[in-house]
Amino acid sequence: MMKLTVWGGAGEHGRSAYLLNGSQVHLLLDCGVKKEGAGDYPMIQQEQVPKLDAVFLSHAHEDHSVAIPLLYRLGYKGEVWTTRETAAQLTAYFTSWKEYSTRVGAVLPYMEEDQLAIRYRYLEEEGDRLTWFEAFPGVKVMWGRSGHMVGAVWFLVEAEGKRIFYSGDYTSESLLLEDDSPALADKPSSTLLDLAIVDAAYGTDPNSQADKLRQLEQQIESTLHSGGKVLLPVPAAGRGQEMIVWAYRKWRNVPIVIEAPLIEGMKRLRRRSEWLREKDSGLELRKQLELVLNRNDWIMPASETERESLLQTHGASLWFVTDGMMQSKLAQWYYQQMSGDIRNLILLTGHVSQGTFGHRLLQHPASYGACSVRKIRYKVHQGLADVRRMITGVPALHTVLVHADKEETDRLQACLTDELRDPRIQIHSMSIGEEVCF
C-alpha cells in the first residue's frame with residue numbers, strides 16, 4: 001500500500017503539494033503557496049519532511065513552487081527534480097513572493113539561506129522525455145511537456161510496485177507550446193495506473209480554447225470600436241506571451257503597449273524552441289516569434305512619465321501589464337489611470353484569488369471606477385472535456401481531481417462518475433489534509 005496525503009491544492013486553487021508515502025519511498029509532488037490574505041502555505045506535516053527522498057516540481061508558478069524553501073527550513077536535505085528552464089525561473093518567483101509578503105505585512109517562514117540551499121536535478125540530463133529512467137534505487141520516472149508554460153512538465157512515477165501519474169498544470173490547447181500526451185506513454189491504454197492526480201482547474205466548464213478566444217475577441221473588439229483602452233493584466237511568464245502573439249495576429253494596426261518583462265519572456269521563449277508547438281512546424285513558429293519580437297511599433301514604456309504620455313496619446317489600444325491578479329503597484333496604477341473612462345475595459349483572463357485587488361474589482365467594479373471589469377478565461381488548464389479525455393487516456397484505479405474549489409470539483413466528480421463504465425475506477429474530490437490509500 002501507498003498513501004496520498006493532500007498538503008494543498010485539492011478542493012482549492014493554489015498551494016499544490018501532494019505527499020506520497022510508501023513503506024520505503026517518500027515523495028512530494030510540488031510545494032506551492034496561495035496568494036490570499038497574508039499568503040497560505042501547504043499543510044506540511046513537519047515530521048514527514050526529513051523522511052522525503054525527493055521533491056518533483058512540475059513548473060515554476062508560485063502556487064506550485066514557492067514553499068520549497070520552507071521544506072529546507074524544516075529539515076529537507078534532498079533534491080528538487082525539475083527542468084532547467086523551471087529552475088532558472090524560480091528566483092524571480094521567490095523574489096515576487098517576498099515582495100508580496102512585505103506588501104501585505106507578512107513574515108516569510110523561511111530565510112534566504114533556505115532558498116539558496118535548494119539543490120536541483122535536471123530531468124533533461126537524467127532521461128529523455130517519454131522515457132523511463134531510474135531516479136534513484138526503487139523509483140523510476142518518466143516526464144513529458146505539459147503545454148502550460150515553458151519548462152512545465154507532467155510526471156509518471158513507479159515506486160513500490162505502484163504507478164502514479166501527476167499532470168501538473170496541463171493544457172493541450174496552447175497556441176505556442178507543445179504538450180506530450182501522457183496517453184502515448186509506453187503502456188497499453190487498457191492498463192490501469194494506481195493513482196492519477198489530474199488538473200481540473202476549470203471544473204465543468206465545457207468550452208474549448210477556440211470558444212474562449214471568440215469571447216475575448218468580441219469583448220475587445222467592442223471596446224476598441226468605442227474608442228476605449230483594454231488593460232490586460234497577465235503573468236510575466238505563461239499565457240501573457242501567448243496572448244501577445246494572438247493580439248499581434250488579430251490587431252496589427254492597433255497600438256499595443258507591453259511592459260518589458262513580458263517581452264523578456266517572449267525572448268526566453270524564442271531561445272527555448274524545444275518547448276514550442278511542433279505540429280505548427282517549429283520553424284514557422286520561430287519565424288513568427290521573430291516577426292513579433294522585431295515589430296517596430298511595439299510600445300514599451302520605461303517610466304511613469306512615459307506611461308502617462310502614452311495614455312494621453314493613444315485612444316483605442318491594448319495594454320499588457322504583468323500581474324494577473326492586479327496586486328502589483330504597477331497594475332493598480334494603470335487601473336487608476338484608466339478607471340475614470342467608461343469606454344475602457346479591464347479584462348482578467350486567469351484565476352483571481354479572493355482578497356486580491358482583481359477579485360475586489362470583479363465583485364464590486366462600481367465601487368472603484370466607471371470602466372468595465374470582465375473575466376474571460378484564456379485556457380491554460382483543463383475543463384470538463386479535457387479531464388474526460390485525460391482520464392480515458394490515462395485510466396487509474398484512483399483519480400484525484402485538483403486545482404479547483406471543492407464545490408466545483410464535487411460537480412465535476414459527479415458528472416464523471418456518472419459516465420464511468422469500469423466499476424474498479426474511483427474518482428475523488430478531496431480537500432487539504434485528506435488521504436487516500438492505493
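None of these values were measured; they are calculated from a predicted model. Residue indices begin at 1 and follow the sequence shown.
The minimum heavy-atom distance linking Leu276 with Arg145 is given by the pair O-NH1, 4.3 Å. The two atoms that bring Met326 and Gln332 nearest to each other are O-NE2, 3.0 Å, heavy atoms only. Cys371 and Asn344 make their closest contact through CB-O, 3.3 Å (heavy atoms, listed as atom of the first residue, atom of the second, distance). Of all the heavy atoms in Gly32 and Ala67, the pair that sits closest is O-CB, 3.6 Å. The shortest non-hydrogen separation linking Leu27 to Phe56 is CD2-CE1, 4.0 Å.
Note on ring orientation: taking the six-membered ring where Trp is involved, the planes of His61 and His148 are perpendicular (angle over 60°, cut-offs 30° and 60°). The aromatic rings of His381 and His13 lie perpendicular to each other, with more than 60° between the two planes, well past the 30° mark.
Taking 4.5 Å as the limit, some side-chain heavy atom of Pro261 sits within range of a side-chain heavy atom of Thr322. Between Ile376 and Leu347, the closest side-chain pair of non-hydrogen atoms falls below 4.5 Å. Looking only at side-chain heavy atoms (C-beta outward), Tyr202 and Asp386 stay at 4.5 Å or farther from each other. Residues Trp132 and Trp143 form no side-chain contact, since every pair of their non-hydrogen atoms from C-beta on lies 4.5 Å or further apart. Annotation: side chain of Phe94 is not in contact with side chain of Gln89 (no heavy-atom distance under 4.5 Å). Pro301 is listed as a side-chain neighbour of Glu259, based on a closest heavy-atom distance under 4.5 Å.
With hydrogens and angles disregarded, no donor-acceptor distance shorter than 3.5 Å links the side chain of Thr399 to the backbone of Ile427. For the pair Arg272 (side chain) and Gly151 (backbone), a donor-acceptor distance under 3.5 Å is absent. A donor-acceptor pair is defined here as one N or O able to donate and one able to accept, closer than 3.5 Å; such a pair exists between the side chain of Asp199 and the backbone of Tyr170. A donor-acceptor pair under 3.5 Å is absent between the side-chain atoms of Asp63 and the main chain of Arg15, judged by distance alone. Looking only at distances, a side-chain donor or acceptor of Ser339 sits under 3.5 Å from a matching main-chain atom of Tyr335. Remark: the backbone N or O of Ser431 is paired with a side-chain donor or acceptor of Glu434 at under 3.5 angstrom. In terms of modelled atom types and a separation under 3.5 Å, the side chain of Gln219 and the main chain of Gln215 share no donor-acceptor contact. No side-chain donor-acceptor contact under 3.5 Å links Asp128 to the backbone of Thr131. Side chain of Thr392 to main chain of Arg388: a donor-acceptor pair is present (N/O by atom type, distance under 3.5 Å, no hydrogens or angles).
No more than 12 heavy atoms of other residues, nucleotides or ligands shown are found within 6.0 angstrom of NZ on Lys98. No more than 12 heavy atoms of other residues, nucleotides or ligands shown are found within 6.0 angstrom of CE on Met111.
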Which side-chain N or O atoms in residues 44-52 pair as donor and acceptor under 3.5 Å with protein atoms at least two apart or in another chain?
from, atom 1, to, atom 2, distance (Å)
Gln45, OE1, Trp7, NE1, 3.0
Gln48, OE1, Asn21, ND2, 3.2

Identify every side-chain donor-acceptor pair in residues 152-160 under 3.5 Å, counting partners at least two apart or on other chains, and give the distances.
from, atom 1, to, atom 2, distance (Å)
Trp154, NE1, Asp180, O, 2.6
Glu158, OE1, Arg163, NE, 2.7
Glu158, OE1, Arg163, NH2, 3.1
Glu160, OE1, Ser23, N, 2.9
Glu160, OE1, Ser23, OG, 3.3
Glu160, OE2, Ser23, N, 3.1
Glu160, OE2, Gln24, N, 2.5
Glu160, OE2, Val25, N, 2.8

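Taking a cutoff of 4.0 Å between a charged side-chain nitrogen and a carboxylate oxygen, Glu134 and Lys140 do not qualify as a salt bridge. One finds no salt bridge joining Glu242 and Lys379 here, because no Lys/Arg side-chain nitrogen approaches an Asp/Glu carboxylate oxygen to under 4.0 Å. Classification of Lys267 and Glu264 as a salt-bridged pair holds, one side-chain N sitting under 4.0 Å from a carboxylate O.
With sequence neighbours left out, the ring-ring contact (aromatic ring centres under 6.0 Å, His included) criterion links Tyr100 to Trp97. Not counting sequence neighbours, the partners of Asp410 by the side chain to side chain contact (heavy atoms under 4.5 Å, CB included) test are Lys406, Gln413, Ser429. Qualifying side chain to side chain contact (heavy atoms under 4.5 Å, CB included) partners for Val387, counting only residues two or more places apart in sequence or in other chains: Val198, Ala200, Gln382, Ile391, Leu401, Leu412, Leu416. Trp319 pairs by the ring-ring contact (aromatic ring centres under 6.0 Å, His included) definition with Tyr334, not counting sequence neighbours. Residues passing the side chain to side chain contact (heavy atoms under 4.5 Å, CB included) test with Glu36, sequence neighbours excluded: Lys34, Asp40, Ser353, Gln354. Residues forming a side chain to side chain contact (heavy atoms under 4.5 Å, CB included) with Pro109 (at least two apart in sequence, or on another chain): Tyr41, Leu70.
Using modelled atom types, one finds no donor on one side chain facing an acceptor on the other under 3.5 Å when comparing Arg277 with Ser174. At a cut-off of 3.5 Å, with distance as the only test, a side-chain donor of Asp169 or His403 sits close to an acceptor on the other residue. In this model, no donor atom of one side chain and acceptor atom of the other lie less than 3.5 Å apart for Ser208 and Glu173. Between the side chains of Glu217 and Trp246, no donor N or O sits under 3.5 Å from an acceptor N or O. Side-chain polar atoms of Gln115 and Tyr110 form no donor-acceptor pair below 3.5 angstrom. Looking at Asp53 and His26, their side chains never bring a donor and an acceptor atom within 3.5 Å of each other. No hydrogens or angles considered: nothing links the side chains of Tyr18 and Asp30 as a donor-acceptor pair under 3.5 Å.
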Notebook entry, point to check: Can Thr349 and Arg239 be said to form a side-chain hydrogen bond (donor to acceptor under 3.5 Å, both in side chains), step by step?
Noted result: CA-CA 9 Å; Thr349 56; Arg239 72 176 182 271; 2.9 Å; yes
Next item on the list: Run the numbers on Thr83 and Thr86 for side-chain hydrogen bond (donor to acceptor under 3.5 Å, both in side chains), then give the verdict.
Entry: CA-CA 5 Å; Thr83 61; Thr86 292; 3.0 Å; yes
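Residue pairs satisfying the side chain to side chain donor-acceptor pair (under 3.5 Å) criterion with at least one member in residues 66-76, sequence neighbours excluded, are listed as follows: Arg73-Glu113, Arg73-Asp114. Residues in residues 317-336 take part in no salt bridge (Lys or Arg N to Asp or Glu O under 4.0 Å) pair, two or more places apart or across chains. Sorted by first and then second residue, the salt bridge (Lys or Arg N to Asp or Glu O under 4.0 Å) pairs involving residues 102-112 (not counting sequence neighbours) form an empty list. Annotation: salt bridge (Lys or Arg N to Asp or Glu O under 4.0 Å) contacts involving residues 344-363, sequence neighbours excluded, are absent.
A cation-pi arrangement is found for Arg84 relative to Tyr122, the charged atom lying closer than 6.0 Å to the ring centre and inside a 45° cone about the ring normal.
Under the side-chain hydrogen bond (donor to acceptor under 3.5 Å, both in side chains) test applied with Arg377, the options Asp205, Asn207, Asp211 reduce to a single match, Asp205.
A distance of 5.5 Å separates CG in Leu20 from CZ in Phe438, rounded to the nearest 0.5 Å.
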